[in-house]
There are 2 protein chains.
Amino acid sequence: MVSKKLGGRRAPTESDVAKLAGVSQSAVSRAYTKGASIAQKTREKILQAAKELGYQPNLMARSLATNQSNIIALAISNLENPFYANVAQQLSSQLREIGKHILLFTSPSDDETDPMLERALSYQVDALIMTATMASPELALQCKKAGVPIVQINRGSKIAGVSTVWGENHRAGEVAAEHLLKTKHKRFAFVAGSKTSSTSQMRQDGFIEHLAKSGIKNVPIEYGEYSFSGAANAARKLLSSKNRPDAIFCASDYMAFSVLDVAKREFNLNVPNEVSIIGVDDVPEASHSAYDLTTFSQPAGALAKAAIEIVEKMNSESSRRAMHIEVEGQLIIRGSTKA
Amino acid sequence: MVSKKLGGRRAPTESDVAKLAGVSQSAVSRAYTKGASIAQKTREKILQAAKELGYQPNLMARSLATNQSNIIALAISNLENPFYANVAQQLSSQLREIGKHILLFTSPSDDETDPMLERALSYQVDALIMTATMASPELALQCKKAGVPIVQINRGSKIAGVSTVWGENHRAGEVAAEHLLKTKHKRFAFVAGSKTSSTSQMRQDGFIEHLAKSGIKNVPIEYGEYSFSGAANAARKLLSSKNRPDAIFCASDYMAFSVLDVAKREFNLNVPNEVSIIGVDDVPEASHSAYDLTTFSQPAGALAKAAIEIVEKMNSESSRRAMHIEVEGQLIIRGSTKA
DNA sequence: TCAGCTTTTGCATACGTATGCAAAAATACA
DNA sequence: TGTATTTTTGCATACGTATGCAAAAGCTGA
């Protein structure tokens, strides 16, 4: 069965270490188990022998025995969107500190559940974290059966048992509207994500409702589908309308960048004097002077932290009660809105 | 030992399926093994039973038995750099097609080997792909012992047994110089990555050597350390020198963006009329009109493909001979260089 | 020194899948 | 129909680690 790698002698195991140290295999196992009953002296002897052999524990075997892998599946639709890349980076570095690792599942399209994700369960992952993708009810059921918590970052879910972490979506819309009103804008527009995204919907609601309070109705809305080219099309439609907006709120920075580009290059508009633009996320690029984007922040680090908290809590308590955490953000005023 | 998840009955195993289908556990195993000796009729009976139970193979157990995991470790320093995010995305989607997955290791700094990486071997990964990080000799030795191929993308390595995949680095420098000369530039400069990066060094050599052929010597060089802020500092130094360059070649798009920003905003220079800028990589953002960057491409998809080819080949042949593949690129002329 | 107690150790077995081997079943051929 | 051959099956065991349990060793205090 074991098709040994050519010439590569097989990796040393606990038994090898045990033999060298003159103890039993179980002693070696205990030497690596925190809090296990083992004499300090023997442990040292064992670690010494392990070092000599270059022993590395086989995590597959450990996982099989303990039924937990220290692996967390991360489903992410689009690493090109810097916001999600950022979240991934944060998750990875925070998880590494608690000795866990990420098994990456990228899926071709936003918002759909990747059928491949079910295979994640085959890896006995400790949890499933999803961003920019939605859990399907079937997947959620499978996870529930397997006792694997699901956490969605930045997407809502009505599915029972799915935990969520998100920014202050409704407030983001409100604050954007408030700021644009305060700075004397007259003609508003919204570039939404996708129709099915609850995140986008909530931002939109906050924006529209707050404007309505000041008597502003019939705010035009276009869908950018969270993509660069989609947002460009949305911008073209909005900016070529006869009642051209002087303030555009976008459901993400990534789309706002695209809108900015179109406004400046294709319509030769001066930003912010002729049109102001606000995004949501505060990705690193937003502060680069090429964009210099006013935006409502959604801190990736805090989102990652919240997601991990949920996972840890649910796993340690063997709880299956979904949790929901809202992470605070704030309006960051930069040069894409007039003063 | 088994601390059963609360209320979650344990996931069904091959034995459960076997019982339901009225066969032996080994039959079930064979039903899932391509090319195994099993009657078509029994296989169908088994798959039916499996579906009924919602059975998913336990890949940890499989890995333990077969000594291969279908997991590939990907070490990546910085997902914020869109080039590497892109490579990761490509690797992930190409690997998924051959049923393999990525275990993600992000490390805090470029160019250093993450000590955590040795733990990757604990997961019995089938290979280790590194981008923007360098394998240390010790790590390489460990991997060799374990029979795990290492492939470095976009970094050279003199360590025996480490395979590499890279773009046409030397030629990138040459072509950039050639284009800038042809378009009548006079004062050249180079923004390098880090001193230890062979990639940066080769691009630099190509650039400097080609300029030297036209009698141009003493080209100033600053180090941007592949970071946004580092490149900004480099740009400030270069642009404030008394002999201000009118052509800057940057070792990566990411740094070129930063240089562009500084030139436009801090020095109020017109790009490309007062200064032309060329990058390397052709990340998606380079084509966004905010940057509209002329650049020598280094196609992420092709790099990923080459890396996977190497891994597959080395694993199938149990070969430990390192392989090296160069991937073609080309100069993409956009608006950041004058015509 | 010994009884009573605590700490440390090894034995045996479990985790879920893969596979060599021999037995059993199916098929082919005479 | 019976024998030879091939295909399919199950048994037994291996992969490397974790852990309940009982035995062994170490310690305490008289």
Side-chain angles (χ1 to χ4, degrees), chain A residues 1-5 9-46 50 53-70 119 121-125 146-147, chain B residues 1-5 9-46 50 53-70 119 121-125 146-147:
Chain A
M1 153 178 61
V2 180
S3 71
K4 262 175 216 164
K5 312 268 178 175
R9 52 187 187 300
R10 116 195 153 346
T13 71
E14 289 193 340
S15 302
D16 299 324
V17 176
K19 204 172 296 171
L20 180 60
V23 296
S24 73
Q25 174 266 322
S26 21
V28 179
S29 171
R30 281 190 259 262
Y32 283 92
T33 310
K34 225 180 77 169
S37 163
I38 188 169
Q40 184 57 28
K41 241 182 68 183
T42 8
R43 159 175 276 137
E44 277 160 19
K45 194 168 57 179
I46 289 171
L53 292 177
Y55 167 74
Q56 293 274 114
N58 181 327
L59 295 189
M60 296 299 185
R62 181 176 292 175
S63 157
L64 182 60
T66 60
N67 200 29
Q68 67 145 345
S69 60
N70 284 325
R119 293 188 44 97
L121 296 179
S122 297
Y123 283 102
Q124 315 300 110
V125 296
Chain B
M1 155 177 62
V2 180
S3 71
K4 262 175 215 162
K5 310 270 178 175
R9 54 188 186 298
R10 119 196 153 346
T13 70
E14 289 194 339
S15 302
D16 299 323
V17 177
K19 204 173 297 170
L20 181 60
V23 296
S24 73
Q25 173 266 323
S26 21
V28 179
S29 171
R30 281 189 258 262
Y32 284 92
T33 310
K34 224 179 77 170
S37 164
I38 188 168
Q40 185 56 29
K41 238 181 71 183
T42 4
R43 160 175 276 137
E44 276 161 19
K45 193 167 57 178
I46 289 172
L53 292 177
Y55 166 74
Q56 296 272 116
N58 182 328
L59 295 189
M60 296 299 185
R62 179 176 293 175
S63 157
L64 182 60
T66 59
N67 200 31
Q68 67 145 345
S69 60
N70 284 325
R119 293 188 43 98
L121 296 179
S122 298
Y123 283 102
Q124 316 299 110
V125 296

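Worth knowing before you read on, the calculation uses all heavy atoms, side chains too, and leaves out hydrogens, waters and symmetry mates. Lettering of chains follows the sequences in order, A, B, ..., and the numbering in each one begins at 1.
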Rounded to whole Å, the CE-C1' distance (A/Met60 to C/dA14) equals 19 Å
Return no unless some side-chain N or O of A/Tyr55 is found under 4.0 Å from OP1 or OP2 of D/dT17. yes
Here the residues of residues 27-37 of chain A within 4.0 Å heavy-atom distance, strictly under, of DNA chain D are A/Ser29, A/Arg30
Next on the checklist: Just so I know, are the side chains of A/Arg119 and B/Leu59 near enough to count as touching, which here means a heavy-atom distance under 4.5 Å?
Outcome noted: yes
Does a side-chain N or O of A/Ser24 approach OP1 or OP2 of C/dG10 to a distance below 4.0 Å, or not? yes
Whole-Å distance, A/Ile46 CD1 to D/dT17 P, equals 13 Å
(message) So A/Leu64, base contact, sugar-phosphate only, or nothing? Heavy-atom distance under 4.0 Å.
(response) base
A/Arg43 atom CZ is separated from C/dT9 atom P, nearest whole Å, by 10 Å
| request: Scan A/Thr42 against the nucleic acid and name what it touches under 4.0 Å (heavy atoms): base, sugar-phosphate only, or nothing. | output: sugar-phosphate
TODO: Record whether the side chain of A/Ser26 comes under 3.5 Å of the base of C/dC11 through a donor-acceptor pair of N or O atoms.
DONE: yes
In whole angstroms, the gap separating P of D/dT19 from CD of A/Gln25 amounts to 12 Å
Of the listed C/dT17, C/dT9, D/dG16, the closest approach to the B/Ala65 side chain comes from C/dT17
Rounded to 10°, the angle between the first-five-pair and last-five-pair axes of the helix from C/dT1-D/dA30 to C/dA30-D/dT1 is 30°
B/Asp16 atom CG is separated from C/dC15 atom P, nearest whole Å, by 11 Å
B/Asn58 atom CG is separated from C/dC15 atom P, nearest whole Å, by 12 Å
